[in-house]
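As structure tokens, the structure follows; a few thoughts come after it.
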Amino acid sequence: MALVTIPNTEAHLLKSTHAGREYRISIALPESYAADPQKRYPVLYGVDANLGFGLYVNTVRLLAMAYEVPELIIVGIDNPVDTLAASTSLRNRDLTPPLDEQAEQKVKQAFGEDEIGGADGYLEFIREELQPFVAEHFRTVPGDRAYFGDSLGGLFGYYALLHKPD
């Protein structure tokens, strides 16, 4: 059986000193990326790449074809696991904000999560390690970036907006 890939994509493993773990980073380059080596592109960062990277990429590419959005470099962030089930507890750790002890116990009792509240380290990984990596290796427009996440990814986005809006 042959593997199927999304055209113009690549994957990287980045070890985070801020979060203390490794992340799989999926990068989709615009279709025009190779044709114009001087052109720079805005970046869209999205979490839960194990679940939604293909959807993010194809949606953005269709919108760009219709001139609804500019061509974008799409960066999908996830844990280096191969199943959605394996990704679930790890995403819960990364995408939830720190809680006081009482609230953390209630969440663990309700959902049985072993580790939650890792949003601070995850946010610092994105700000201090991932964004510089992307800027160094790809032709980005400095400061022109956006974030996408839904469900807990939306909660994390809200947390980031309130704590470190840059």
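Treat the numbers as computed from the prediction; the structure is a model and nothing was measured. In what follows, residues are counted from 1 in the order of the sequence shown.
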Smallest separation among heavy atoms of [X] and [Y], with atom names:
X    : Y    : result
T140 : P142 : O-CD, 3.4 Å
D120 : P98  : OD2-CG, 3.2 Å
Y147 : V47  : OH-CG2, 3.4 Å

Is the closest side-chain heavy-atom distance between [X] and [Y] below 4.5 Å?
X    : Y    : result
I27  : H137 : no
Y159 : L95  : no
Y56  : D48  : yes

To the nearest 0.5 angstrom, please state how far the CD1 atom of I116 sits from the CZ atom of R91. 13.5 Å
Partners meeting salt bridge (charged side-chain N to carboxylate O under 4.0 Å, His left out) with D166 (sequence neighbours left out): R127
Let me check something: any side-chain donor-acceptor pairs from residues 67-81 under 3.5 Å, sequence neighbours excluded? List them with distances.
from : atom 1 : to  : atom 2 : distance (Å)
E71  : OE1    : S32 : OG     : 2.4
E71  : OE2    : S32 : N      : 3.4
E71  : OE2    : S32 : OG     : 3.4
D78  : OD1    : S87 : OG     : 3.1
D78  : OD2    : A49 : N      : 3.0
D78  : OD2    : N50 : N      : 2.5
N79  : OD1    : R93 : NH2    : 3.1

Can you find a side-chain donor-acceptor pair between E129 and T17 that sits under 3.5 Å? yes
Spell out, yes or no, whether [X] and [Y] are grouped together once hydrophobic residues are joined by side-chain heavy atoms under 4.5 Å, including indirect joins.
X   : Y    : result
Y45 : I25  : yes
V43 : I126 : yes
V57 : V60  : yes

Tell me whether R40 is salt-bridged to D144, with the criterion being a basic N under 4.0 Å from an acidic carboxylate O. no
Residues in side chain to side chain donor-acceptor pair (under 3.5 Å) with K39, at least two apart? none
Quick note, ring pair (Phe, Tyr, Trp, His ring centres under 6.0 Å) partners involving residues 18-39, not counting sequence neighbours, are Y23-Y122, Y23-F125, Y33-Y41
As a quick check of understanding, evaluate side chain to side chain contact (heavy atoms under 4.5 Å, CB included) for R139 and L29, giving each step before the final call. CA-CA 10 Å; R139 297 188 315 270; L29 300 173; over 6 Å; no
Please set out all donor-acceptor pairs under 3.5 angstrom arising from side-chain atoms of residues 5-14, sequence neighbours excluded.
from : atom 1 : to  : atom 2 : distance (Å)
T9   : OG1    : I6  : O      : 2.6
E10  : OE2    : H12 : NE2    : 2.7

Does R61 reach the main-chain N or O of T59 with its side chain, forming a donor-acceptor pair under 3.5 Å? no
Would you check, one step at a time, whether the test side chain to side chain contact (heavy atoms under 4.5 Å, CB included) holds for D94 with R21? CA-CA 10 Å; D94 290 336; R21 55 191 61 89; 3.7 Å; yes
Can I get a per-line list of side-chain donor-acceptor pairs under 3.5 Å for residues 150-157, giving both atom names and the distance, sequence neighbours left out?
none

